[in-house]
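What you see below is based on every heavy atom in this structure, not just the backbone, and it leaves out hydrogens, waters and symmetry mates. Owing to the predicted nature of the structure, the values given are computational and were not obtained by experimental measurement. In what follows, chains are A, B, ... by sequence order, proteins preceding strands, each numbered from 1.
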2 protein chains.
Amino acid sequence: MNKKQLITQLSGSLNLSKADAERTFDTITNTILDALKGDDTVKIAGFGTYKVAKRKARVGRNPRTGEQIQIGASQKVKFLPAKSLKEMFNK
Amino acid sequence: MNKKQLITQLSGSLNLSKADAERTFDTITNTILDALKGDDTVKIAGFGTYKVAKRKARVGRNPRTGEQIQIGASQKVKFLPAKSLKEMFNK
DNA sequence: TTAGTATATGCAAATATAGCATACCCCTTT
DNA sequence: AAAGGGGTATGCTATATTTGCATATACTAA
């Protein structure tokens with residue numbers, strides 16, 4: 001399912017125009033991203049937790065040449081599914 | 001930030017009552033979960049991809065006792081942040 | 001059309017995971 | 001509003017799994 005299909009489905013469920021459904025959806029993702037940018041963890045009960053994980057610098061490798069490369073520290077967004085999700089998918 | 005705070009903020013941004021904001025939000029998460037339950041991958045451009053990862057059975061270990069344990073196959077929801085997110089958090 | 005994402009490659013190092021107790025935070029229910 | 005119950009973080013060891021580097025291609029989406 002891609003974003004367009006998701007928006008179409010939400011448009012029906014929420015009784016909104018597709019444009020409004022998309023605006024609504026974007027507002028939500030942006031709100032979450034803004035919180036994360038402020039280094040805040042976003043916990044959503046029954047769904048999961050979004051957090052910014054700091055990754056240490058390390059040694060990588062160019063798969064083409066095999067040559068070693070130093071990789072700097074970085075950050076990435078992590079999503080930890082809630083317990084209820086885990087159960088939902090393991091029945 | 002927890003769900004209540006998120007809903008409060010969305011209520012303002014979307015000009016909805018808190019009840020409606022929550023209903024809207026829940027509809028979205030449920031739509032995503034339903035797709036995932038149907039073994040569908042949910043791709044959201046500019047945000048990320050949710051997918052169900054199948055994990056094979058394997059031998060684990062009880063960290064308390066050190067004892068070996070057989071672990072059954074399981075599934076978990078994974079979120080892969082989009083490229084733009086990665087850039088957003090590494091400037 | 002252009003933008004975005006998946007794939008594929010080798011390999012070192014980071015991270016996840018398993019069970020479980022404790023502490024704590026959240027959340028729902030009186 | 002207060003409280004009880006549920007969810008989550010932490011810490012423990014050893015192994016399994018993932019990550020992410022460069023880059024081009026294939027494919028899908030906006």
Side-chain angles (χ1 to χ4, degrees), chain A residues 1-11 18-19 21-23 25-26 29 33 35 39-90, chain B residues 1-8 18-19 21-22 25-26 29 35 40-90:
Chain A
M1 179 159 81
N2 59 40
K3 185 175 175 184
K4 181 177 278 183
Q5 293 168 315
L6 176 61
I7 296 300
T8 300
Q9 194 166 334
L10 291 175
S11 162
K18 286 190 189 177
E22 181 159 17
R23 265 193 291 274
F25 184 78
D26 288 344
T29 54
L33 289 180
D39 217 36
D40 194 3
T41 294
V42 180
K43 297 183 195 179
I44 298 158
F47 188 64
T49 301
Y50 295 91
K51 63 166 61 174
V52 177
K54 293 159 185 8
R55 305 180 63 79
K56 293 176 188 168
R58 64 200 173 80
V59 176
R61 186 172 295 268
N62 182 333
R64 282 218 171 284
T65 64
E67 165 189 21
Q68 288 206 345
I69 294 166
Q70 180 60 33
I71 301 168
S74 65
Q75 299 194 321
K76 76 171 286 192
V77 175
K78 280 199 58 173
F79 173 73
L80 296 93
K83 192 183 185 183
S84 56
L85 251 82
K86 194 176 181 179
E87 288 160 1
M88 185 181 297
F89 285 90
N90 290 288
Chain B
M1 178 159 81
N2 60 37
K3 186 175 174 184
K4 183 176 278 184
Q5 295 170 313
L6 176 61
I7 296 300
T8 300
K18 284 189 189 178
E22 181 157 19
F25 184 78
D26 288 345
T29 55
D40 193 4
T41 294
V42 180
K43 297 181 197 182
I44 298 159
F47 188 63
T49 301
Y50 296 90
K51 61 167 61 175
V52 178
K54 293 157 184 12
R55 305 178 60 79
K56 292 178 187 166
R58 64 198 170 80
V59 177
R61 184 175 295 268
N62 184 332
R64 280 213 171 284
T65 64
E67 164 187 24
Q68 289 204 345
I69 295 166
Q70 180 60 33
I71 302 164
S74 65
Q75 299 193 321
K76 76 171 287 190
V77 175
K78 281 198 59 170
F79 173 73
L80 297 94
K83 192 185 184 183
S84 57
L85 253 80
K86 191 178 178 182
E87 289 160 0
M88 186 182 297
F89 285 90
N90 290 287

Practice prompt. Look at B/K86 and D/dC21 and indicate whether a side-chain polar atom (N or O) is within less than 4.0 Å of OP1 or OP2.
Written response: yes

Practice prompt. Work out which heavy atom in A/I71 is nearest to a heavy atom in A/G60; give both atom names and the distance.
Written response: CD1-CA, 3.4 Å

Fill in: Euclidean distance, atom CZ of residue A/R61 to atom C1' of C/dC11 [Å, nearest integer]
5 Å

Discussion item. Expressed as a whole number of angstroms, how long is the span from A/K83:NZ to C/dC20:C1'?
Written reply: 12 Å

Discussion item. OP1 or OP2 of D/dG20 versus the side-chain N and O atoms of A/R55: is any pair under 4.0 Å?
Written reply: yes

Worksheet, complete the sentence: Taken to the nearest whole Å, CG/B/L6 to P/C/dC27 is 11 Å

Practice prompt. Indicate the atoms forming the closest heavy-atom contact of B/T41 with B/K51, along with that distance.
Written response: OG1-CB, 3.8 Å

Worksheet item: To the nearest Å, how far apart are B/K4 NZ and D/dA1 P?
Response: 11 Å

Worksheet item: For A/K54, does the NZ atom have more than 12 heavy-atom neighbours from other residues, nucleotides or ligands under 6.0 Å away?
Response: yes

Item to complete: Write down the distance between CZ (B/R64) and P (C/dA21), rounded to a whole number of angstrom.
Response: 7 Å

Worksheet item: Toward the 5' end of DNA chain D, which comes first, A/T41 or B/N62, by nearest nucleotide?
Response: A/T41

Worksheet item: Looking for any heavy atom pair under 4.0 Å, which part of the strands does A/A53 touch: base, sugar-phosphate only, or nothing?
Response: nothing

Worksheet entry | Nucleotide D/dA16, atom C1' - distance to CD1 of B/I69 in whole Å | 14 Å

Worksheet entry | Sugar-phosphate only, base, or nothing, as touched by B/R58 at under 4.0 Å among non-hydrogen atoms | sugar-phosphate

Worksheet item: B/E67 CD to D/dT15 P: how many Å, rounded?
Response: 15 Å

Practice prompt. Determine, for B/E22 against B/K3, whether the closest basic-nitrogen to carboxylate-oxygen distance falls under 4.0 angstrom.
Written response: yes

Worksheet item: Between D/dA29 and A/N2, is there an OP1 or OP2 to side-chain N/O distance shorter than 4.0 Å?
Response: yes

Practice prompt. Using a cut-off of strictly less than 4.0 Å, decide whether B/K76 has a side-chain nitrogen or oxygen near OP1 or OP2 of C/dT17.
Written response: yes

Discussion item. Reading DNA chain C from 5' onward, which residue's closest nucleotide shows up sooner: B/G60 or B/T49?
Written reply: B/T49

Practice prompt. For A/Q68 and D/dG20, give me the distance from atom CD to atom P, rounded to whole Å.
Written response: 18 Å

Discussion item. Applying a 4.0 Å non-hydrogen cut-off, can you work out what B/K51 is touching in the nucleic acid: base, sugar-phosphate, or nothing?
Written reply: nothing

Worksheet, complete the sentence: The residue, A/G48 or B/K56, whose nearest nucleotide of DNA chain D is more 5′ is A/G48

Worksheet item: In terms of ring plane angle, is the pair A/F79 and A/Y50 parallel, tilted or perpendicular, where the classes change at 30° and 60°?
Response: tilted

